[in-house]
Amino acid sequence: MRTLAVINAIGLSSCVDKKIRGNLSSLSMSLKFAEKLPDVEKVILFTERVTGGAAGGGRDFGGYETIRKDSWPVDEFLKTLRDESKGFDHIFYWYADCPLLDDGITMRMFGNHKKYFAEYTFADGYPYGIAPEILRQSILSPLITLAGGDMTPVGRDTLFSIIQKDINAFDLETEISPEDMRSLRISLTADTLRNYLQLKGIIDSGAEDESSILRILKERSDLFRTRPVYIDLQIVDGCLQSCSYCPYPKIGGDILQKRNEMAVKDVAIIAEKVVDFCDDGVIGVSLWGEPSLHSGIALIIKTVLAHKSLTMVIETSGLGWKEETLKAIQAVADDRLTWIVSLDANTPGLYQELRGEGFKEATNTTLRLLELFPGQVYPQAVRMKRNEGHLEEFYRFWKEKTEDVIIQKHDHFSGFLPVEKVTDLSPLKRYPCWHLKRDLYVLLSGEVPLCREDLKGDHILGNILKEKIEDIWERGAGFYDAHRKKEYPEICRNCDEYYTYNF
């Protein structure tokens with residue numbers, strides 16, 4: 001049987017070139033993995049075309065054959081994979097930023113792949129990056145048909161996502177992890193600075209093979225807090241509604257009258273600090289305020305998205321958006337901007353009970369956003385006792401208009417609000433808070449509270465406009481370490497947001 005190895009080197013981060021074990025980089029370790037594979041006659045890398053010596057096209061790929069293109073949409077990727085693999089029986093496929101691929105798992109997978117005549121074999125329950133995907137070459141033509149000319153960029157989950165469209169049509173084989181690691185959301189990749197630092201910590205702790213990797217992931221949760229990924233800003237302290245389940249009116253007075261806003265230059269300072277410290281990140285602009293009220297919202301979006309490594313999220317009531325503002329945002333934004341519209345109900349009466357006036361405007365704004373920003377808009381409802389009986393109608397209504405509908409759990413803010421959650425979704429065994437591990441929240445003044453639940457500012461970590469972001473981030477480490485030891489400060493003790501995450 002003839003076997004081919006295909007390595008995806010498309011859109012690699014600069015972190016892939018950093019030393020991670022001795023003099024070896026993640027890229028060099030990933031390339032060396034090809035030497036361990038049985039029966040591999042040829043290794044090919046897919047990467048970008050050289051443009052001024054930049055990006056992946058300018059890297060040394062160890063003399064392996066490279067296929068270079070200006071862009072790699074899914075359709076082009078699949079057709080190239082099919083054409084380059086003609087005459088081969090099987091394909092090993094992985095990303096070039098995965099330095100901890102394990103040959104033991106891979107050999108078991110390949111043995112079962114051949115034994116059971118599988119068309120696609122993958123590892124399940126393991127952290128991403130510990131094993132390649134294995135394909136029978138004959139599966140590619142059906143995948144091309146199933147993908148239907150998809151012109152979106154190829155991603156890490158492309159193959160499995162296409163197979164899932166008609167999963168019963170294929171013979172699949174799965175290698176199940178002895179310990180389910182999916183809840184950790186660990187990626188053993190050097191695709192971001194955040195993941196590189198995590199990966200470096202895992203390797204420095206003795207990660208060599210499957211057993212040592214799984215042991216370290218189980219025992220060393222301190223390695224998982226490296227850099228924040230979600231930074232939510234309060235850019236304005238006013239709202240156009242006083243929602244029944246929002247705690248802010250109870251601590252901030254009449255939020256309908258406040259109109260203070262963060263200066264655009266301050267947003268620019270924060271964005272610069274995030275890029276310097278984190279490299280990439282998601283900037284939110286909806287912490288305790290309606291972003292439509294900011295006089296320079298379009299300029300804020302333009303300022304943040306000028307950094308190519310940043311993306312943005314706007315969570316809004318859908319009220320207060322003028323057509324000219326939306327058009328101005330459309331002119332400066334791209335697909336790195338996501339909208340979440342909090343609606344909660346699909347009937348005027350229930351909407352007014354939960355949120356107040358504005359049902360028609362909010363609905364019309366959501367429909368307009370879907371026109372202006374296709375694929376980037378998420379209608380949202382918070383699931384509560386008061387709207388539980390109406391959620392199916394809400395979901396069906398918006399599902400007809402977009403695939404992207406969010407049903408969010410209710411947050412009682414550690415008992416500050418009455419508990420309105422319909423069911424308890426918390427895990428049986430508590431683990432360290434996702435928000436302490438991944439998020440930063442910034443108030444209008446630049447002050448950084450411990451988290452979104454720190455309503456009264458009892459645990460201010462510093463001021464991001466006056467201090468280094470790394471110093472502020474480090475001050476939160478003690479709270480995360482306390483969680484690791486099963487010690488919970490009062491603010492955390494009754495909180496059930498620890499298992500939810502943003503990014």
Side-chain angles (χ1 to χ4, degrees), residues 236 238-252 254-258 284-293 297 313-323 325-326 329-330 337-413 415-425 452 496-497 500 502:
V236 63
C239 287
L240 293 167
Q241 292 175 323
S242 183
C243 299
S244 62
Y245 60 87
C246 177
Y248 196 58
K250 297 176 176 57
I251 60 170
D254 188 358
I255 63 171
L256 301 180
Q257 297 302 315
K258 291 187 177 181
V285 289
S286 308
L287 179 64
W288 311 131
E290 171 54 63
S292 69
L293 293 175
I297 183 62
V313 174
I314 295 178
E315 189 165 355
T316 174
S317 64
L319 303 182
W321 295 98
K322 299 176 181 179
E323 179 67 16
T325 303
L326 295 179
I329 293 172
Q330 185 188 40
L337 175 65
T338 297
W339 297 81
I340 299 174
V341 190
S342 299
L343 298 169
D344 299 322
N346 205 41
T347 58
L350 181 58
Y351 181 92
Q352 184 163 8
E353 177 187 339
L354 297 175
R355 305 190 61 86
E357 300 291 337
F359 173 75
K360 185 175 180 180
E361 181 184 347
T363 301
N364 289 338
T365 298
T366 308
L367 294 172
R368 183 61 177 142
L369 289 172
L370 287 167
E371 294 174 355
L372 294 173
F373 304 91
Q376 299 169 235
V377 182
Y378 294 75
Q380 174 178 276
V382 173
R383 185 184 181 191
M384 298 172 284
K385 294 175 182 177
R386 284 179 286 171
N387 66 354
E388 172 70 4
H390 300 265
L391 281 183
E392 182 175 355
E393 179 186 344
F394 175 91
Y395 184 82
R396 289 180 181 276
F397 176 84
W398 288 108
K399 197 69 173 178
E400 291 178 356
K401 296 163 178 58
T402 174
E403 288 296 313
D404 305 316
V405 181
I406 298 175
I407 304 298
Q408 187 185 53
K409 71 173 283 296
H410 177 263
D411 181 7
H412 56 71
F413 290 87
F416 186 79
L417 298 177
V419 177
E420 283 212 53
K421 62 183 181 181
V422 177
T423 186
D424 187 0
L425 301 173
R452 187 169 174 265
D496 74 340
E497 287 290 300
T500 68
N502 294 302

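Computed from a predicted model, the values in this text were never measured in an experiment. Both backbone and side-chain heavy atoms feed into the values below; hydrogens, waters and symmetry mates do not.
At distances below 3.5 Å, not a single donor-acceptor pair connects side-chain atoms of E290 with backbone N or O atoms of L240. A donor-acceptor pair under 3.5 Å is formed between the side chain of K399 and the backbone N or O of E403. Checking side-chain atoms of E315 against main-chain N and O of S342 turns up no donor-acceptor pair under 3.5 Å. Under the 3.5 Å distance criterion, the side-chain polar atoms of D404 are left unmatched by any main-chain donor or acceptor of Y378. Side chain of E388 to main chain of R383: no donor-acceptor pair is present (N/O by atom type, distance under 3.5 Å, no hydrogens or angles).
Minimum heavy-atom separation, Y351 to A362: OH-CB, 3.5 Å. Summarising the geometry of L293 relative to C239, their closest heavy-atom pair is CD1-N, 3.8 Å, with the distance given to 0.1 Å. Heavy atoms only, all atoms of each residue included: H412 and P418 are closest at CB-O, 4.1 Å.
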Derivation of the side-chain contact (heavy atoms from CB on, under 4.5 Å) call for K401 and T366
CA-CA 10 Å; K401 296 163 178 58; T366 308; over 6 Å; no
Please test L417 against K250 for side-chain contact (heavy atoms from CB on, under 4.5 Å), starting from the C-alpha separation and ending with a verdict.
CA-CA 10 Å; L417 298 177; K250 297 176 176 57; 3.8 Å; yes
After noting the C-alpha distance and the side-chain angles of I329 and W321, does the key distance pass the side-chain contact (heavy atoms from CB on, under 4.5 Å) rule?
CA-CA 11 Å; I329 293 172; W321 295 98; 3.7 Å; yes
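The shortest distance between side-chain heavy atoms of S292 and T325 does not fall below 4.5 Å. At a threshold of 4.5 Å between non-hydrogen side-chain atoms, the residues I251 and W288 do not count as touching. When side chains are defined from C-beta on, Q380 does not count as touching W398, because their heavy atoms never get closer than 4.5 Å. Considering only heavy atoms from C-beta on, C243 stays 4.5 Å or farther from Y248 through its side chain. In this structure the side chain of L369 reaches within 4.5 angstrom of the side chain of F373, judged on heavy atoms. Side-chain contact check for W339 versus T365: every heavy-atom pair is 4.5 Å or farther apart. The closest side-chain heavy-atom distance from Q408 to T500 is not below 4.5 Å. In this structure, F394 and N387 have side chains that are not in contact, with every pair of non-hydrogen atoms separated by 4.5 Å or more.
Remark: of the listed residues R386, Q352, E420, R386 is the sole one forming a side chain to side chain donor-acceptor pair (under 3.5 Å) with S244.
Rounded to the nearest 0.5 angstrom, I314 CD1 and Q376 CD are separated by 10.5 Å. Going from atom SG of C246 over to atom CZ of R355 covers 9.0 Å, rounded to the nearest 0.5 Å. To the nearest 0.5 angstrom, L354 atom CG is 9.0 Å from H390 atom NE2. For the atom pair CG of L391 and CG of D344, the computed distance is 9.0 Å after rounding to the nearest 0.5 Å.
Remark: E371 engages R368 in a salt bridge, criterion side-chain N to carboxylate O under 4.0 Å.
For D411, the salt bridge (Lys or Arg N to Asp or Glu O under 4.0 Å) partners are R452, not counting sequence neighbours. With sequence neighbours excluded, no residue forms a salt bridge (Lys or Arg N to Asp or Glu O under 4.0 Å) with E400.
When the shell of 6.0 Å around CD of E323 is examined, it contains more than 12 heavy atoms from other residues, nucleotides or ligands.
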